[in-house]
2 protein chains.
Amino acid sequence: MTATGAYDPSAYEPFAVTVDLAVLTVRAAAPHVLLIRRGQEPYAGAWALPGGFLLPRESAEEAARRELAEETGLPESLVDGVHLEQVRTYSDPDRDPRMRVVSVAFAALVPDLPEPVAGGDAAQARWVPLAEAEAAALAFDHDRILTDAREQVRAGLEHTCLATAFCPPEFTLGELQAVYETIWDTGLDRPNFRRKVLATPGFVEAVPGGARLTGGRGKPAALYRAGPATALHPPLLRPEDPR
Amino acid sequence: MTATGAYDPSAYEPFAVTVDLAVLTVRAAAPHVLLIRRGQEPYAGAWALPGGFLLPRESAEEAARRELAEETGLPESLVDGVHLEQVRTYSDPDRDPRMRVVSVAFAALVPDLPEPVAGGDAAQARWVPLAEAEAAALAFDHDRILTDAREQVRAGLEHTCLATAFCPPEFTLGELQAVYETIWDTGLDRPNFRRKVLATPGFVEAVPGGARLTGGRGKPAALYRAGPATALHPPLLRPEDPR
DNA sequence: CTCCTTTATAGTCATCGTGACTATAAACAG
DNA sequence: CTGTTTATAGTCACGATGACTATAAAGGAG
C-alpha cells in the first residue's frame, strides 16, 4: 500500500475479502482434504473449500483459524496448535460471479483425527481423498487453490520440518516416513530415511524414558516428538522418479 | 471462500485492497530496493514501498505490473518481462491508520538499469541499498514486507532459476555469480559455481556463435542466456557461514 | 614490448551425503 | 515353533560438493 497519495474515497473500490482453507491430512495411506458441500447458489450442491469472510477487526490468519474451528468442529485447544500457512491470494475480478471477492488462501496441516462435524453454514463437511478432490470440479477457483496448496506442501516437506504437523504429538519414524511417502506419492528406503531424519539436528527428539509404541505388528518403534528445528539443512529431496 | 452461505451484504465488511511492491535489483555489488518518499499523511516524508489500490476490474498481479510501470517510469516492454511473484498478504486491522486496508505484497526482480523517474503520486523515487532500507523505519508495515520479500528471494535462489531475473538478457557466469554473492552476502568459489550452473540442464544456455563479453579487465567471458528450466535439481545451497 | 594484475576456464582430490543393500532384533499370527 | 512384519544397525559404492592448483586471455603500468 497502502495508499501513497491522499485519502480519497473515490480512488479505491471496496472489495469483499475472504479466506479459503485447504485443510490437509493423511489418513489410510492417502492424502485427504476437507471439503464442504455448498448449500446455496452459486455452485449450490458443488464441493468447495471451507472459508468465509473476514470480520471487521480480524486478520486473515485469525479468520482462517476461526473458520477452521467452525467448519471442522474441532475444540479450540486443537485448532490453536494447527500448522497454518498462507498459500497465496486470489484476486481475479471474475472469480466470484456475485461480486468482487479477494480471497487469501491458507494450507492447514492436521493430524488424522476426527470426522468433521458440519458447522457454520456448510451443508455437509467431509474428508475427501486428494486425488478425488482434484478430479472433481470444485466451486469458484478452488481447483487451482487446492493444486497450489498441494504443491506448496509437497515442496515444503523438502526444506522444512512441517511433516511433523501431520503427525500426532508423539509419533514413530515409520509414521513420519508414511507422511512423506503419502504426500509425495513415492516410496522411501526405511533405513536411509531414518538416518537422514536422525542426522538432522532438531528435526525430531526422542520421547524421554525410551517410550515405545506397541500394539501393531512387528517390533515396537521408538516414539519421537517434533523438535525445535524449522528448516532442513541440507534438504530432504524427493526422488526423481515416483514409485 | 468465497461466501459459503447466501449473499447477504450485511455478512461481510468492505475493505480497500492494495498491492505493495518490493522491487529488488543488484547494483554496485549491493542489493537495492526501490523506495518512494511519501508526500501525504500518514507517514508524510517517510520512505515506503511503491504500491497502490486495485482498480475495479484488475487482479492483484495486473495492479502490481501497472504500479511498477507507473512508479518506475519503465517502458511497458520492459515491465512485461519483469519477474513478479507474490510474497504474502498483510491484513492486520491496524496496519493503516486511516481505514481497513488489505495489501497483497509482491517481489519484483529487475536487472540493474535505470534511475527511477518519480511518477504517479510518489513525491520521489530512489534506489536504496537494502541494508539501509531495512535499518530505516518505513511507512506502515513495509519493514516487515521488505524483510519477508528479501527472505523469499534469498531462499528462492537456492531452488529456482530466478537469479537470472536480476541479469540482463545476456550475461556472463561471473555476473550470475555476483547476483548470488550479493543477495546471499557470501562468497562463492568461482570454478565450483561454474561447474554447478553448467551441470544443471536448462539453467543457462550459451549464446550461439561463441559470443563473448569484452571490455572489462581480464579474459573475455562467454555469454549465456536464461534457459528453459525453472527449478534447480538438486538445489544450489548457500554456505552455512557467510563471508 | 614486457611484466603484472585481473578474470575466465580447466582440472584434481578428498570428503560427505545419499541410494542400494544386507543383517539382526523384537513383536504378533498361525 | 515358524513365518511374517516392522524396527534398527550397519556396509559399500557413487556422485555432488568444497578446497585447491593450473592455465588462458585480456588490459594497465612501466
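Throughout, a chain's letter reflects where its sequence line sits, starting with A, and its residues are numbered from 1.
Comparing the axis of the opening five pairs of the helix from dC1(C)-dG30(D) to dG30(C)-dC1(D) with that of the closing five pairs yields an angle of 0°, rounded to 10°.
D189(A) contributes a side-chain N or O that, together with a main-chain N or O of N192(A), makes up a donor-acceptor pair within less than 3.5 Å. Put simply, the side chain of R194(B) never gets that close to the backbone of G174(B): no donor and acceptor are under 3.5 Å apart. A donor-acceptor distance shorter than 3.5 angstrom exists from the side chain of E181(A) to the backbone of L188(A), with no hydrogens or angles considered. Side chain of H32(A) to backbone of A30(A): a donor-acceptor contact under 3.5 angstrom is found.
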Show me the protein contacts with nucleotides 27-30 of chain D, counting only N or O atoms at under 3.5 Å.
none

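Not a single side-chain hydrogen bond (donor to acceptor under 3.5 Å, both in side chains) links T164(B) to another residue, sequence neighbours left out. In this structure, E205(A) has no salt bridge (Lys or Arg N to Asp or Glu O under 4.0 Å) partners at least two apart in sequence or on a different chain. Qualifying salt bridge (Lys or Arg N to Asp or Glu O under 4.0 Å) partners for E132(A), counting only residues two or more places apart in sequence or in other chains: R126(A). For the salt bridge (Lys or Arg N to Asp or Glu O under 4.0 Å) test, residues two or more places apart in sequence or in another chain that qualify with E134(A) are R150(A). Scored by the salt bridge (Lys or Arg N to Asp or Glu O under 4.0 Å) test, R225(A) finds E170(A) as partners (sequence neighbours excluded).
Using a 4.0 Å cut-off between charged side-chain N and carboxylate O, E62(B) and R66(B) make no salt bridge.
Less than 4.0 Å separates DNA chain D from at least one heavy atom of each of the following residues of residues 219-227 of chain B: K219(B), P220(B). Listed in residue order, the members of residues 188-195 of chain B having a heavy atom less than 4.0 Å from DNA chain C are R190(B), P191(B), R194(B), R195(B). Proximity of residues 153-169 of chain A to DNA chain C (heavy atom under 4.0 angstrom from any strand atom) is not detected for any residue.
When all heavy atoms of E61(A) and S91(B) are compared, the closest pair comes out as OE1-OG, 3.9 Å. Here the closest heavy-atom approach between residue L138(B) and residue D143(B) is recorded as N-OD2, 3.1 Å. Closest heavy-atom contact between F106(B) and A64(B): CD1-CB, 3.8 Å.
The nearest whole Å value for the distance from the CG atom in L232(B) to the C1' atom in dT17(D) is 14 Å.
Once you apply a 4.0 Å limit to the heavy atoms of chain B, the touched nucleotides of DNA chain C run 5' to 3' over dT6(C) to dT12(C).
L109(B) CG to H83(B) NE2: the interatomic distance, rounded to the nearest 0.5 Å, is 5.5 Å.
The cationic atom of R195(B) (NZ for Lys, CZ for Arg) does not lie both less than 6.0 Å from the six-membered ring centre of F193(B) and within 45° of the ring axis.
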I'd like a table of donor-acceptor pairs (distance under 3.5 Å, sequence neighbours excluded) in which one partner is a side-chain atom from residues 152-163 of chain B, with atom names and distances.
| unit_1 | atom_1 | unit_2 | atom_2 | d |
| --- | --- | --- | --- | --- |
| Q152(B) | NE2 | E85(B) | OE2 | 2.9 |
| Q152(B) | NE2 | Q86(B) | O | 2.9 |
| R154(B) | NE | I183(B) | O | 2.9 |
| E158(B) | OE2 | R238(B) | N | 2.9 |
| T160(B) | OG1 | G156(B) | O | 2.7 |
| T160(B) | OG1 | L162(B) | N | 3.4 |

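Ring geometry for Y180(B) versus W184(B): interplanar angle over 60°, hence perpendicular rather than tilted (30 to 60°).
Nearer the 5' end of DNA chain D, as judged by each residue's closest nucleotide, is the contact made by L173(A), out of K196(B) and L173(A).
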